[in-house]
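What follows is a single structure, written as structure tokens, with notes after it.
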Number of protein chains: 2
Amino acid sequence: MGKRGKADRRTVLLNYKLWLSSITGNGKIGDDTYNILNLIDQKGSLKAVADELKISYRKAWGHIDDAEKILGYDLTEKSRGGKEGGQSKLTLQGKKLLEAYNSLHKRFDETFEEAYTEFKSKISNNSK
Amino acid sequence: MGKRGKADRRTVLLNYKLWLSSITGNGKIGDDTYNILNLIDQKGSLKAVADELKISYRKAWGHIDDAEKILGYDLTEKSRGGKEGGQSKLTLQGKKLLEAYNSLHKRFDETFEEAYTEFKSKISNNSK
DNA sequence: AATCGATATGCAAATATAAACCTATCGATA
DNA sequence: TATCGATAGGTTTATATTTGCATATCGATT
């Protein structure tokens with residue numbers, strides 16, 4: 001056996017990112033936004049989501065606000081006031097977006113796995 | 001016919017990005033780097049590549065330097081001095097990386113096209 | 001009408017990323 | 001051995017992105 005083993009080789013990682021944008025280009029809808037939408041669906045409040053994710057309400061709100069501006073329609077139905085202070089829930093379109101994104105992402109993940117394996121085998125320096 | 005046509009709807013774009021990184025995380029090998037590598041192969045000089053791309057030599061050099069640090073081996077063979085000042089050409093491993101990246105990217109592009117089409121059809125608000 | 005907790009935003013501060021600047025080094029050729 | 005053009009890289013400037021601060025609004029309930 002040689003001096004170096006598998007674990008000794010430098011590990012190179014493949015990464016990819018997926019997002020939606022408007023044609024004008026400001027703001028994007030990426031994993032963070034989808035994550036927030038998903039949690040809104042579970043918790044019914046943006047504040048609760050922000051706490052859960054340990055991010056500021058301002059930040060969470062910004063993601064959703066950006067997303068709705070990009071798409072041009074509401075993903076969430078908001079209400080204010082009352083004993084509970086208010087709440088946020090997904091609109092029908094918000095749910096549709098989440099579902100569509102999930103299958104989109106899944107498809108990319110599959111491609112990623114396959115392509116990465118092939119890529120590494122092509123790259124590996126298997127000369128004697 | 002209604003008030004709005006296809007062209008009137010807000011256009012939402014899907015985007016993706018692909019890159020390599022080291023486990024330690026500083027620097028990345030993305031499209032820019034691959035583009036530079038490809039041009040080095042054609043032109044035989046990093047300076048010529050920088051001019052072609054209208055970027056600074058410093059920037060082009062930085063991309064290659066980062067990439068070689070991430071991978072832990074040379075992608076280019078450099079020489080200095082002489083009437084021509086010097087030159088850069090791809091190493092065998094550099095060429096292998098380029099090829100591997102091309103098929104990787106192609107595969108992602110295919111997935112992208114298919115998935116995007118499906119995504120849009122799911123998202124489109126085709127209620128009456 | 002006073003309260004309370006979540007929604008709603010402008011704006012400033014802090015980071016991170018990228019671009020530009022400048023100076024040094026190398027070495028085949030003349 | 002003087003030159004010239006490309007490689008090499010530290011340092012600074014500019015720009016973009018992100019994070020956080022502070023304050024206002026809303027309205028069912030009490």
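Hydrogens, waters and symmetry mates are skipped; everything else that's a heavy atom, side chains included, is used. Order of the sequence lines sets the chain letters (A, B, ...), proteins ahead of strands, with each chain counted from 1.
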Can a side chain N or O of A:Ser45 be found less than 4.0 Å away from OP1 or OP2 on C:dT7? yes
d(CD1, A:Ile64; C1', C:dA6) in whole Å: 15 Å
A:Ser88 side chain near C:dT7 phosphate (N/O to OP1/OP2, under 4.0 Å): yes
Any link between B:Leu53 and B:Ile29 through a network of hydrophobic side chains (Ile, Leu, Val, Met, Phe, Trp, Tyr) touching at under 4.5 Å? yes
Does a side-chain N-to-carboxylate-O contact under 4.0 Å join A:Lys47 and A:Glu84? no
If a protein heavy atom is under 4.0 Å from the base, mark B; if only from the sugar-phosphate, S; if neither, -; do that for nucleotides 24-30 of chain C going 5' to 3'. -BBBB--
OG1 of A:Thr76 to CH2 of A:Trp61: how many Å apart, nearest 0.5 Å? 11.0 Å
Using atom CG of B:Asp65 as one end and atom C1' of D:dG9 as the other, report the distance to the nearest whole Å. 8 Å
Measure the distance from CH2 on B:Trp61 to C1' on D:dT7 and round it to the nearest whole Å. 9 Å
In 5'-to-3' order, the base (B), backbone-only (S) or no-contact (-) status of each nucleotide in nucleotides 12-20 of chain D, using a 4.0 angstrom heavy-atom cut-off, is -------SB
Answer for the Watson-Crick or wobble partner of C:dA30, both distances under 3.5 Å, is D:dT1
Between A:Phe112 and A:Tyr16, does the ring centroid distance fall short of 6.0 Å? yes
Can you tell me how far P of C:dT7 sits from NZ of A:Lys47, to the nearest Å? 8 Å
Gap between atoms CD and P, on A:Glu84 and C:dC4 respectively (whole Å): 14 Å
Within this structure, what is the NZ-to-C1' distance between B:Lys54 and C:dA19, rounded to whole angstrom? 18 Å
Hey, is A:Lys122 close enough to A:Glu118 for a salt bridge, meaning N to O under 4.0 Å? yes
Under a 3.5 Å cutoff, is there a donor and acceptor pairing between the side chains of B:Ser21 and A:Asn15? yes
Protein-nucleotide distance (B:Ile36, atom CD1; D:dT7, atom P), rounded to Å: 12 Å
Within 45° cone and under 6.0 Å: A:Lys106 NZ/CZ vs A:Phe108 ring: no
Round to the nearest Å and state the distance from A:Glu77 atom CD to C:dT7 atom P. 13 Å
Would you mind telling me which of D:dA8, D:dA6, C:dT7 lies closest to the side-chain atoms of A:Tyr57? C:dT7
Give a yes or no on whether the backbone of B:Leu75 and the side-chain of B:Thr91 come within a donor-acceptor separation of less than 3.5 Å. yes
NZ or CZ of A:Lys59 within 45° of A:Tyr57 ring axis and under 6.0 Å: no
